[in-house]
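For reference, the structure is listed below as structure tokens.
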2 protein chains.
Amino acid sequence: MTTPEPERDESEFLARYDPREYDPVSVTVDVVALTIRDGALHVLLVRRGGPPYEGMWALPGGFVHAGGPAGADAEDLADAAVRELAEETGLSAKGGVIGRIHLEQLGTYGAPRRDPRMRVISVAYLAFAPELPDPEAGGDAADAAWVPVDALGLTESAAQRPGTTRRLAFDHARILSDGLERARGKLEYTPLATAFCGGEFTIPELRSVYEAVWGEELHAGNFHRKVLSVPGFVESTGETSDRGGRRGGPRPRLYRPGDARLLHPALLRPSREEQIR
Amino acid sequence: MTTPEPERDESEFLARYDPREYDPVSVTVDVVALTIRDGALHVLLVRRGGPPYEGMWALPGGFVHAGGPAGADAEDLADAAVRELAEETGLSAKGGVIGRIHLEQLGTYGAPRRDPRMRVISVAYLAFAPELPDPEAGGDAADAAWVPVDALGLTESAAQRPGTTRRLAFDHARILSDGLERARGKLEYTPLATAFCGGEFTIPELRSVYEAVWGEELHAGNFHRKVLSVPGFVESTGETSDRGGRRGGPRPRLYRPGDARLLHPALLRPSREEQIR
DNA sequence: TAAGTTATTCTCAACTAGAGTTGATCTCCT
DNA sequence: AGGAGATCAACTCTAGTTGAGAATAACTTA
């Protein structure tokens, strides 16, 4: 991105400008990082090493480097999310796996007293990754781990009210809940599921991604037909997997992500009807 | 929302906590307020009364009241958006029209030098309203008006690069572009279009909303059938409009919004195929 | 080798979407 | 007043999509 050039006659104004005139607010980024392990959806959590909420699990995240008046150290929000993710997982931010994972902004949470220390606005990001190595605690985290989402007992009502879910600090239960809903929706109309797989995958592997995220079983035959019929979703490699199904069956064929950015027509969740009203 | 209670043994920590340790950032809200006038989509814009970008058009918005250490004046982000919208339009924030318009968070924009004064993070909101009165300039705005979206000459490429569209200040062309895309998508799978209409509307009126936002004509017969077939989208009042079509035709029937929160099956844009890759 | 599992392909009925048609009702113009 | 043209609402027809089930072949494990 280029910078909008301030008008020339604004220079005097800018010199006299005092940022402290406006209420200062701290801005953090929090990351909902999702992956699939053993067929189940997992989220990356860290255990807080200091107050507030010391000892509780939380989403990885931290303060955005604002850069001060000189703007020297300033970073974009998405860059801050990548940095936090790298710090917490011990993976290097440049190149490597982290450079290829899908990252998108989820939303911003700024309720007045969501952080007991001060006014903190948190910009949440959603990350999808193929299986990543176990994280190593770093930064302020006492511990870090991939936690099965099911084990958190997130319900609609529990996630809405911060404090009722004692498992996650701040309003992170709510953020995680929003992230999961976003992920479920995105699988419907984008080829995002391929971001959970490696470079090559089979249709049944892709189906297991959908089943893990949506939490329901899909009709194997219809799923297969649908995936192949959506233009640009997947692309055949011509190869077959070197191994049959884990409990028997023929060797499935291998595919890689296609060039579509939207799925049309979309793959709709079977259970969608229940949540219409 | 209730407040997460800090742990008791955190009190000493909180007393010594200095917010200034972290880089201060200012947070603003900007609102993309959309309405339909004369069959065309309009956005609410204000002309900036002071630097930076003095004299240029911008989205209505302003600094969030952070509330300082005491937190007395703190407001939630959505509340700030409603306040800014009320200030710029001259409508009262409590009750009345503004209480009923649809408001949702669009995204957060925080590129390092998007504001020449200092590090500013802007949380953008998207608002949909039935036809509102002409705004009166208020706050820092020199002028305010509903501007036809078509007249802004927004293109994909122009919106991406701040500064290239000299019509809008900051990165507001990009924010507006994202807002329009969000609105177009939301019409597909939510009954949002009814928020552009008043309490009662006809099917052709609803269709004109879709046509204005999507920028393409729809098949009247199929649209009619589709709207009536989606459960909970609209609900008949049993009445008919007191006037026929503007250029002849029978009196159309009146409907009000139904109780569905998602449309299933969705109304898909005809032109979607072109933007798949 | 037998039994069980899985990938892939088919079949069939129900449903959905796009395009066009029809008939009634209204406005506007002459 | 009468006719031309526009519009609403309902209907038809066809092509395509979806969901459920079944058939076939390729593999693993006991």
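The chains referred to below are lettered A, B, ... by the order of the sequence lines, with proteins before strands, and numbering in each begins at 1. These numbers come from a predicted model, not from an experiment.
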Side chain of A:N222 (C-beta onward), nearest among D:dG19, C:dT8, D:dC8: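 Among D:dG19, C:dT8, D:dC8, the one nearest the side chain of A:N222 is D:dG19.
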Out of D:dC8, C:dT6, C:dT16, whichever nucleotide has its closest atom nearest the side chain of B:P265: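 Nearest listed nucleotide: C:dT16.
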Ring center gap for B:F201 and B:Y255 short of 6.0 angstrom: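 No, the ring of B:F201 stays outside the 6.0 Å limit from the ring of B:Y255, centre to centre.
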N-O pairing of B:R253 and B:E239 below 4.0 Å: no
Short N-O contact, B:R269 and B:E216, less than 4.0 angstrom: no
Closest-nucleotide 5' rank along DNA chain C - winner of B:L268 and A:R253: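 By nearest-heavy-atom nucleotide position, the 5'-most residue is A:R253.
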Test item: side-chain donor near acceptor, A:D178 and A:Y109, under 3.5 Å: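 On atom types as modelled, these side chains qualify, holding a pair under 3.5 Å.
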If you compare every side-chain N and O of [X] against the phosphate oxygens of [N] (OP1, OP2), does one of them come in below 4.0 Å?
X: A:R251; N: D:dA26; value: no
X: B:K226; N: C:dT16; value: no
X: A:R247; N: C:dT6; value: yes

Most 5' of B:R207 and B:R225 on DNA chain D, judged by nearest nucleotide: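 Per heavy-atom nearest nucleotide, the more 5' residue is B:R207.
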Euclidean distance, atom CG of residue A:L218 to atom P of D:dA20 [Å, nearest integer]: 11 Å
Touch class at under 4.0 angstrom, heavy-atom based, for B:H224 against every strand present: sugar-phosphate
